[in-house]
Each structure stands twice: as structure tokens, then as C-alpha cells.
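Take a look at the structure set out below.
Computed from heavy atoms alone, side chains included, the values below leave out hydrogens, waters and symmetry copies.
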Amino acid sequence: MERGALSGHLPVMYAQVLDGLDVRGSGTYLDGTFGRGGHARGVLERLGPGGRLLLMDKDPEAIAVAMREFAQDARVAVFRGSFAELSNWEETAAGLDGVLFDLGVSSPQLDVAERGFSFGKDGPLDMRMDPDSGESAAQWLARADDREIADVLWTYGEERMSRKIARAIVARRDAQPLERTAQLADLIASVVPRGDQKIHPATRSFQAIRIFINRELVDLETGLDAALARLKPGGRLAVISFHSLEDRIVKQFIARHSKAPPANRRMPVEVAFTPVLRAIGGAQKATDEETSANPRARSAVLRVAEKLGIGNEEGESASDGVSDTAQPATGRGDRRNAMAPGEPALQRPRLSRTRFPAGAVELHAEVRA
């Protein structure tokens with residue numbers, strides 16, 4: 001099964017991604033979220049003999065697929081790890097002509113009960129994209145206090161019943177450990193009135209816990225900075241997001257590097273601004289035809305930007321196309337920032353803490369493209 005795609009279908013926004021990356025036959029491209037290689041295959045088909053494709057993923061199962069199906073090609077190199085670590089990989093040191101991040105959980109991860117991502121399939125309450133690193137969801141829920149749990153549910157899921165759910169989790173674990181996804185889903189459903197909601201009562205909580213356990217937003221901010229540093233002038237950055245927290249970070253990152261900040265009348269001297277990115281259009285959505293064939297594509301948002309440099313500066317027009325369709329709604333405001341889980345057991349570079357926007361999260365699907 002392709003990353004983020006239903007069996008028999010191309011990965012989400014396949015054509016838009018390849019067009020956005022503007023693949024050149026002799027270029028070097030990084031797929032930071034390999035999954036099952038759907039987008040990677042498309043890039044490789046466009047590369048010539050002198051091209052290079054670098055593949056990364058946290059998930060050992062994804063890496064096994066990459067090694068089995070791609071490693072025999074002399075143009076391909078494979079690295080197990082988060083895209084937040086891309087600058088530590090020597091293969092990226094010479095510079096990149098394109099970088100792709102396809103965020104969120106992949107279909108193979110979601111569809112396998114043993115990975116513990118889905119409230120619809122009973123399995124161990126794990127949720128780690130890299131099962132060899134860090135705490136599982138069950139381990140974290142067994143030790144966190146109700147305030148920390150509530151903060152995570154609100155910050156990463158905008159769950160309005162976060163405090164009530166957190167208290168219920170702490171009360172339940174005192175009597176019986178929460179070790180299965182069905183246990184947690186049933187507990188949340190018992191305290192959250194479904195009302196007219198079309199989504200399962202546990203949807204927001206499962207999303208929030210998964211994002212926290214995997215440091216997804218920390219990694220995204222770190223990975224965007226690393227990608228910008230490694231991109232060559234004229235190189236393209238393409239990011240597919242699946243909810244507003246991710247998309248807002250990507251949108252603001254592109255705007256920050258492509259558009260001068262508003263003038264400050266209190267500053268006696270205007271600070272010069274030199275754009276280093278150019279937004280390529282605005283937010284792109286999957287086509288109606290694609291969402292009809294693959295409902296998991298309906299919440300996908302693609303943003304593409306090009307690194308500026310000698311020969312491709314656009315001056316004031318560098319900020320064109322930053323605004324648009326995936327604007328997140330305004331929530332109740334920021335709560336205390338939830339801490340990322342402890343450093344994983346394997347050696348990883350220490351990532352700095354960061355502050356995330358807490359806008360209302362759009363939940364249309366629980367899988368990335």
C-alpha cells in the first residue's frame with residue numbers, strides 16, 4: 001500500500017507534488033517521509049543517471065521497504081531517522097534541489113492494529129512512529145498527571161473536554177492500566193457526549209497524543225529550518241499537511257522567509273529585509289476526482305516554496321501566494337505549552353523546545369497523504 005493512499009491508488013496529490021518539486025534529471029532530492037515510496041517512485045522516474053534520491057523515515061518498517069525496493073539503485077541512499085535530523089546526514093551536505101515532507105501518520109501505520117494509532121482497531125496503546133525510541137502512549141499516560149494530559153489534548157487536538165478526559169484517564173489507570181487502544185477509545189467515548197458530531201469522540205484525543213508522543217510539531221519546525229539550509233538556490237520545498245496546526249507552521253515559515261515583516265513605527269531605522277524563499281502559488285488541495293477515489297485526501301494541503309539566490313531573486317514579488325485557503329480558525333487562545341516527551345533511548349540530536357500555535361484544528365481525516 002502506498003504511503004497515505006488506499007490500495008490501488010497513487011499517493012495523495014501525486015501530480016501536484018511532482019510538479020511542485022520541478023524535478024531535474026541531474027538533481028538531488030530528499031523524501032523526508034518515505035512511507036511506502038509512492039512519491040519517491042515518481043521522483044526516481046524523472047531522474048537521469050546523474051540524479052540522486054535520498055530517502056528518510058522514522059519507521060523501521062518503512063525503511064525495510066526502502067532497502068528492499070530502492071537500495072539496489074545506485075542513485076538512491078537510505079537513512080533511518082526523522083527529517084529533523086536531515087542536516088546530520090552527510091548525503092545532504094552537498095545541497096539539495098528539492099525536499100518533500102508528507103506529514104502525519106501513513107496508511108500502513110494506521111491500518112495495522114499493532115501499531116496502536118487507530119481508535120477503530122484494538123491494539124497495544126503505542127503510537128510511536130519509531131517503536132524503538134521514546135515512550136509509548138501507554139507509558140506516558142501511566143505517569144503523566146491530569147494537568148499535563150489535559151494540556152496535550154487541548155494544545156494538539158483542541159479537545160474541549162480535555163480536563164474531563166484527563167481526570168477520567170487518571171482515575172481509570174488507578175484501577176486498571178490503560179494498555180490497549182480500545183480501552184482508551186471506550187473511556188473517552190464514555191465521558192464525551194457524541195451529540196451531532198460525525199467524528200468519533202476519541203478522534204481529537206488520539207491525534208493529540210500521537211503528535212505529542214512523536215514530537216511531530218517540534219520535528220516539523222526543526223526540519224523546515226534544516227531543509228532551507230540545505231536547499232540550493234532554485235531548490236524547491238514541498239510540504240503536505242493534514243491539519244491546521246501543521247499547515248499553520250508551514251504557512252508562517254514560508255511567509256517569514258519570503259515577506260518583509262510589518263513596519264514598526266517605533267523603530268528609528270527601517271531594518272532591511274532580504275527574502276530567501278518565494279512561495280509557489282498558494283495552498284493546493286486535492287482534486288474532487290482524487291477525494292472521491294480516496295477520502296483520506298480530503299484534508300490534505302500542499303504548500304511549495306522555492307529558495308532564492310543568485311539568478312532567481314524575485315524582489316518584492318517573492319511574497320506572492322502566501323495567503324489562502326487553509327487558514328485555521330481562531331480557538332480559545334494559548335494554554336500552557338505541553339512539553340515534548342523525553343529523549344528517546346537511541347542517540348538523537350537534542351531538539352530545542354518550541355512554541356506552537358493553538359488554533360482550532362480541522363479534523364477531516366486521521367492520515368496523511
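Heavy atoms only, all atoms of each residue included: I188 and S205 are closest at CD1-CB, 3.5 Å. The two atoms that bring H200 and A185 nearest to each other are CE1-O, 4.0 Å, heavy atoms only. For the residue pair Y14 and G42, the shortest heavy atom distance occurs at OH-CA, 3.2 Å. The two atoms that bring G27 and L47 nearest to each other are O-CD2, 3.8 Å, heavy atoms only. A pairwise comparison of heavy atoms in I165 and L153 identifies CG2-CD1, 3.6 Å as the closest pair. R24 approaches Y29 most closely through the heavy-atom pair N-OH, 2.7 Å.
Residues I199 and R204 form a side-chain contact, since some pair of their non-hydrogen atoms from C-beta on lies under 4.5 Å apart. Contact annotation: the side chain of V239 never approaches that of V99 to less than 4.5 Å [non-hydrogen atoms, C-beta and beyond]. Inter-residue side-chain proximity for I240 and H39 is flagged as met; some heavy-atom pair is nearer than 4.5 Å. Counting heavy atoms from C-beta outward, L103 and E216 have side chains that stay 4.5 Å or more apart. By the 4.5 Å heavy-atom criterion applied to side chains, F83 and L30 are not counted as neighbours. By the 4.5 Å heavy-atom criterion applied to side chains, V250 and F101 are not counted as neighbours. A heavy-atom distance below 4.5 Å is found between the side chains of R180 and P124. With contacts defined as side-chain heavy-atom distances shorter than 4.5 Å, the pair E246/I249 does not qualify.
Atom CG of residue L125 and atom CD of residue Q139 lie 10.0 Å apart, to the nearest 0.5 angstrom. Considering NZ of K307 and CG of L96, their distance stands at 9.5 Å, rounded to 0.5 Å. Taken to the nearest 0.5 Å, the CG atom of L187 stands 10.0 Å off from the CD atom of Q176. To the nearest 0.5 Å, the span separating OG1 on T291 from NZ on K285 amounts to 10.0 Å. Considering OG1 of T28 and CG of L231, their distance stands at 11.0 Å, rounded to 0.5 Å. Atom CG of L178 and atom CD of Q183 lie 5.5 Å apart (nearest 0.5 Å).
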Please report the C-alpha distance between E221 and F253 in whole Å, then the side-chain angles of each, then the deciding distance to 0.1 Å, and finally whether the side-chain contact (heavy atoms from CB on, under 4.5 Å) criterion is met. CA-CA 8 Å; E221 289 193 331; F253 176 83; over 6 Å; no

Worked check of side-chain contact (heavy atoms from CB on, under 4.5 Å) between L237 and L224: CA-CA 9 Å; L237 171 68; L224 289 171; 3.9 Å; yes

Start with the C-alpha distance between K58 and R128, add both sets of side-chain angles, then the distance that settles side-chain contact (heavy atoms from CB on, under 4.5 Å), and finish with yes or no. CA-CA 9 Å; K58 294 180 181 180; R128 289 173 295 177; over 6 Å; no

Using the rule given for side-chain contact (heavy atoms from CB on, under 4.5 Å), can you reason through D22 versus I280, listing the C-alpha separation, both sets of side-chain angles and the distance that settles it, and then say yes or no? CA-CA 11 Å; D22 190 25; I280 305 299; over 6 Å; no

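Judged purely by atom type and a 3.5 angstrom limit, R248 has no side-chain atom pairing as donor or acceptor with the backbone of L245. Between the S299 side chain and the H243 main chain, no donor and acceptor come within less than 3.5 Å of each other. In this structure a side-chain-to-backbone donor-acceptor pair under 3.5 Å is missing from R230 to A226. When atom types are taken as modelled, the side chain of E85 and the backbone of S82 share a donor-acceptor pair closer than 3.5 angstrom. For T92 (side chain) and L86 (main-chain N/O), a donor-acceptor pair under 3.5 Å exists by modelled atom type. With hydrogens and angles disregarded, a donor-acceptor distance shorter than 3.5 Å links the side chain of N214 to the backbone of M127. Proximity of a side-chain donor or acceptor of Q16 to a complementary backbone N or O of A286 within less than 3.5 Å is not detected. In terms of modelled atom types and a separation under 3.5 Å, the side chain of T222 and the main chain of D219 share no donor-acceptor contact.
Using the six-membered ring where Trp is involved, F212 and W140 have ring planes that are tilted, between 30° and 60° apart.
Remark: R173 does not engage E179 in a salt bridge, criterion side-chain N to carboxylate O under 4.0 Å. Electrostatic pairing of D73 and R75 counts as a salt bridge here, judged by a charged N lying under 4.0 Å from a carboxylate O. Ionic pairing of D146 and R167 is not present here: no N-O contact between side-chain nitrogen and carboxylate oxygen is shorter than 4.0 angstrom. The residues E69 and R36 are annotated as not salt-bridged, no charged nitrogen and carboxylate oxygen being separated by less than 4.0 angstrom.
There is a path of hydrophobic side-chain contacts, each under 4.5 Å, that joins L53 to M67.
Of the residues listed (D132, D59, D57), the one engaging R80 in a salt bridge (Lys or Arg N to Asp or Glu O under 4.0 Å) is D132, and it is the only one. With L44 as reference, V76 is the one residue of L55, V76, V23 to meet the side-chain contact (heavy atoms from CB on, under 4.5 Å) rule.
The 12-atom threshold is not exceeded at CD of E90, counting heavy atoms of other residues, nucleotides or ligands nearer than 6.0 Å. Open room surrounds CG on D288; 12 or fewer heavy atoms of other groups in view lie less than 6.0 Å from it.
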